Amino acid sequence: MTLSAAVNLTQMTTSVVRTRIAPAPSGSIHVGNARAALYNWLFSRQNQGVFVLRIEDTDQKRADEAAYGAIVEDLEWLGLTWDEGPFLQSKRAEHYASAAERLVEMGSAYRCYCTPEELDTRRKAAMAAGRPPGYDGRCRYLSAEERAAFEAEGRTFALRFRVPENRTIAFDDVVRGPVVTDTAQISDFVIQRSDGGPTYMLAVTVDDLEMDITHVIRGEDLLASTPRQILIREALGVTDVPVFAHLPLLVSSDGRPLSKRWGDVSVRAYRDAGFLPEAMVNYLALLGWSFDDKTNIFSVEELVEKFSLERVGKNPAAFDVVKLEWLNGIYIKQLEPSDLAERLVPFCVRAGIDADSESGRRLLVAVAPLISERLKRLDEAPSMIRFLFGPVTLDEKASKTIQGQAEYLRAVADRLAALPGWTGPQIEAALRELAAERFLKPKQAFQPIRAAVTGTLISPPLFESLEILGKDTSIDRLMAAPQSVVV
RNA sequence: GGCCCCAUCGUCUAGCCAGGUCAGGACACCGCCCUUUCAAGGCGGCAGCACGGGUUCGAAUCCCGUUGGGGCCA
């Protein structure tokens, strides 16, 4: 049932779709916000609409330039480009003030002189008496004399919205269906603080209105605030409402709310761990939305084409890093060697590998095909390829493996030294021939070589690794390794 | 405390609205194959409709309740 008629509201009829994302500037963007941003972005792109970025920084304490910069960077990294903004709420104070003023003039808002302490006391008393804790309406019908008295006392005031009685607010949520709220459930709420600053409720309503937002796609935590925003719109003389779509909340893998105490909740943390933005986007899209019963991999283009709010689910989705890693591995495998190499550079540098040079990049491009199918995250690469960039120290297992193998390794070195060329296949042929002569199983024949050359028993494919390492270095390591572990 | 929301394998989910195919796919896990290590890949397996009523010839699907989880209000 559509109950919009009950409050005389109609859906907006603007032809151009306009969506927005409105994060608070508290550092790197939260994955929940990132998902909301993605859905808004996909929806606007799909409809050739406009995607607006707005920074909700009215809470001055948390607002700072660096934090807002982090949001911009994160969105850019994800590829979620916006068409308008960023608009800072902190620079739109006059808009909220004038809206508040209009509401007061029209009798939809009033001055409340209650102090926080008084409110707290009365709230506790109400709860103790089994009554609802919301505002009790003390200042709702103050006379001019009473107001003058309070002000003579030096009291400051906040502005409260006068919630109409006996009304039903209804709207159709694309995700949740009809949502009906009785105004008896809503107590008069503050729209302007005593310091003159707007509350979230006022700011978001004024902004969505003035920015002509047609589709509000946001987290379910804001579902309950929607009737109040509709009330403010209405009081401001607006008779239509945007389309609302409240997304299911994201929870952690144990089903608890996603919080900083649980683990990584910021996009930046995933970026630093070596996740690709394309994998992140694909994974986020699947958290709460599905296209059919079998498709998991979606390019951004496919998402733009296939995404639909109607297919967003209602139940909370658990953020599963393991599945994200699987997806990330798939995207890494699809990268061109040069692309992978370039993305690897910062991770190598961070791990102390001098890859940020022409020769370093050459090595990375060469080794990229060998490690791409072994990576789930970019930050796993340095340990796999370190042996290419400098001397190696044999780890415990590697040392043990070359124990008593000095003669064999010397033979290997000799055989390789005699090689006319230095390609993987040539190296492989020579080493297999030597193994056959000595009746060695592949594992017996190759693990000591791997140990001596890479310093570990786990490495990229041996022959290609030797090829990239180079003939001289390879032979040097084969000869030197036994000495390094003399017991 | 009040109002509201949600409920299919461990996880993401398809199926639900318009009841009737062994409840389908993916991640993870286990096994086998491939194999110079580690991966990747191939094949196979384990595993679910929260519970209780009701409606119906028939319920994952519709209704009610219970339980569990969550959100908001301050």
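The shown structure was predicted, so the numbers you read here are calculated from the model rather than taken from an experiment. Worth knowing before you read on, the calculation uses all heavy atoms, side chains too, and leaves out hydrogens, waters and symmetry mates.
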Original post:
Looking at B/U37, B/C5, B/C6, which one has an atom nearest to any side-chain atom of A/E220?
Top reply: B/C5

Original post:
Between B/C30 and B/C46, how far is it from one P atom to the other, in whole Å?
Top reply: 16 Å

Subject >> Atom P, compared across B/G44 and B/G24: separation rounded to whole Å >> reply: 14 Å

Subject >> For B/C17, the Watson-Crick or wobble counterpart (both distances under 3.5 Å) >> reply: none

Subject >> Side-chain (A/N40) to main-chain (A/A36) donor-acceptor, under 3.5 angstrom >> reply: yes

Original post:
If we take the P atom in both B/C62 and B/A14, what is their distance in whole Å?
Top reply: 14 Å

Original post:
B/G53 and B/C32: how far apart are their P atoms, nearest whole angstrom?
Top reply: 44 Å

Subject >> For RNA chain B, the residues among residues 417-437 of chain A that have a non-hydrogen atom under 4.0 Å from it >> reply: A/R432

**OP:** Using a cut-off of strictly less than 4.0 Å, decide whether A/S290 has a side-chain nitrogen or oxygen near OP1 or OP2 of B/A14.
**Re:** yes

Subject >> Residue A/L462, side-chain heavy atoms: nucleotide from B/C6, B/U36, B/A26 that is nearest >> reply: B/U36

Subject >> Nearest listed nucleotide, side chain of A/W326, among B/C72, B/C12, B/C27 >> reply: B/C27

Original post:
Would you call the rings of A/F319 and A/Y283 parallel, tilted or perpendicular, where under 30° means parallel and over 60° means perpendicular?
Top reply: perpendicular

Subject >> Closest-nucleotide ordering on RNA chain B, the 5'-leading residue of A/T181 and A/L375 >> reply: A/T181

Original post:
How far does the C1' atom of B/C33 sit from the matching atom of B/A40, given to the nearest Å?
Top reply: 14 Å

Original post:
For the ring pair A/F307 and A/F43, is the centre-to-centre distance below 6.0 Å?
Top reply: no

Subject >> Which nucleotide in B/C6, B/U36, B/A14 has an atom nearest any side-chain atom of A/F446 >> reply: B/U36

Original post:
B/G58 pairs with which nucleotide, Watson-Crick or G-U wobble, both distances below 3.5 Å?
Top reply: none

Original post:
Got a donor-acceptor contact below 3.5 angstrom from the A/T58 side chain to the A/Q89 backbone?
Top reply: no

Original post:
What's the closest nucleotide to the A/E373 side chain, out of B/A39, B/U37, B/U13?
Top reply: B/A39

**OP:** Write down the partner of B/U67 under the Watson-Crick or G-U wobble criteria, each distance required to be under 3.5 Å.
**Re:** B/A7

Original post:
Hey, does A/G329 reach any base, or is it just sugar-phosphate, or nothing, if we go heavy atoms under 4.0 Å?
Top reply: nothing

Original post:
With a cut-off of under 6.0 Å to the ring centre and 45° to the axis, is A/R111 in cation-pi contact with A/F157?
Top reply: yes

Original post:
Watson-Crick or G-U wobble partner for B/G1, using a 3.5 Å limit on both distances?
Top reply: B/C73

**OP:** With heavy atoms under 4.0 Å as the rule, sort A/F463 into base, sugar-phosphate or nothing.
**Re:** base

**OP:** Compare side-chain N and O positions of A/N315 against OP1 and OP2 of B/U8 and report whether any pair is under 4.0 Å apart.
**Re:** yes

**OP:** Would you classify A/K294 as touching base, sugar-phosphate or nothing, given that sugar-phosphate means primed atoms plus P, OP1 and OP2, and contacts are heavy atoms under 4.0 Å?
**Re:** sugar-phosphate

Subject >> Short side-chain N/O contact from A/R311 to OP1 or OP2 of B/G15, under 4.0 Å >> reply: yes

**OP:** Identify whether any heavy atom of A/P248 sits under 4.0 Å from a base atom; if not, whether one sits that close to sugar-phosphate; answer base, sugar-phosphate or nothing.
**Re:** nothing

**OP:** Please determine, for the side chain of A/N296, which listed nucleotide (B/G25, B/C73, B/G41) has the closest atom?
**Re:** B/G25

Original post:
At under 4.0 Å, does any side-chain N or O of A/K443 touch on OP1 or OP2 of B/U35?
Top reply: no

**OP:** Determine the interatomic distance between C1' on B/G68 and the same-named atom on B/A50; round to the nearest Å.
**Re:** 8 Å

Original post:
Choosing from B/C12, B/G24, B/C72, which nucleotide comes nearest the side chain of A/D221?
Top reply: B/C72

Original post:
So what does A/K376 touch, heavy atoms closer than 4.0 Å: a base, only the sugar-phosphate, or nothing?
Top reply: sugar-phosphate

Original post:
With a cut-off of under 6.0 Å to the ring centre and 45° to the axis, is A/R138 in cation-pi contact with A/Y135?
Top reply: no

Original post:
Now, which nucleotide makes the Watson-Crick or G-U wobble pair with B/A39, with each of the two distances under 3.5 Å?
Top reply: none

**OP:** Would you indicate what A/L457 reaches in the nucleic acid, counting non-hydrogen atoms under 4.0 angstrom: base, sugar-phosphate, or nothing?
**Re:** base

Subject >> Nucleotide nearest A/E464 (side chain, heavy atoms from C-beta), chosen from B/A40, B/G2, B/U36 >> reply: B/U36

Original post:
Which one, B/G2, B/U36, B/C27, comes nearest to the side chain of A/V322?
Top reply: B/C27

**OP:** Please work out whether the ring planes of A/W289 and A/F291 are parallel, tilted or perpendicular, with thresholds of 30° and 60°.
**Re:** tilted

Original post:
Starting at the 5' end of RNA chain B and moving along, which residue's nearest nucleotide shows up first, A/V179 or A/L324?
Top reply: A/V179

**OP:** For nucleotides B/G20 and B/A59, find the distance between their P atoms and express it as a whole number of Å.
**Re:** 11 Å

Subject >> Side-chain donor or acceptor of A/K314 paired with backbone N/O of A/P248 under 3.5 Å >> reply: no

**OP:** Return yes if some donor-acceptor pair links the side-chain N/O of A/Y331 with the main-chain N/O of A/M280 below 3.5 Å, else return no.
**Re:** no

**OP:** Describe, in one word, how the ring planes of A/F446 and A/F463 are oriented to each other, choosing from parallel (under 30°), tilted (30 to 60°) and perpendicular (over 60°).
**Re:** perpendicular

Original post:
Hey, does the side-chain of A/R176 have a donor or acceptor N/O within less than 3.5 Å of a partner on the base of B/C5?
Top reply: no

Original post:
Can you tell me how far C1' in B/C49 sits from the matching atom in B/C16, rounded to whole Å?
Top reply: 11 Å

Original post:
Quick one: A/L466 CG to B/U37 P, roughly how many Å, whole number?
Top reply: 15 Å

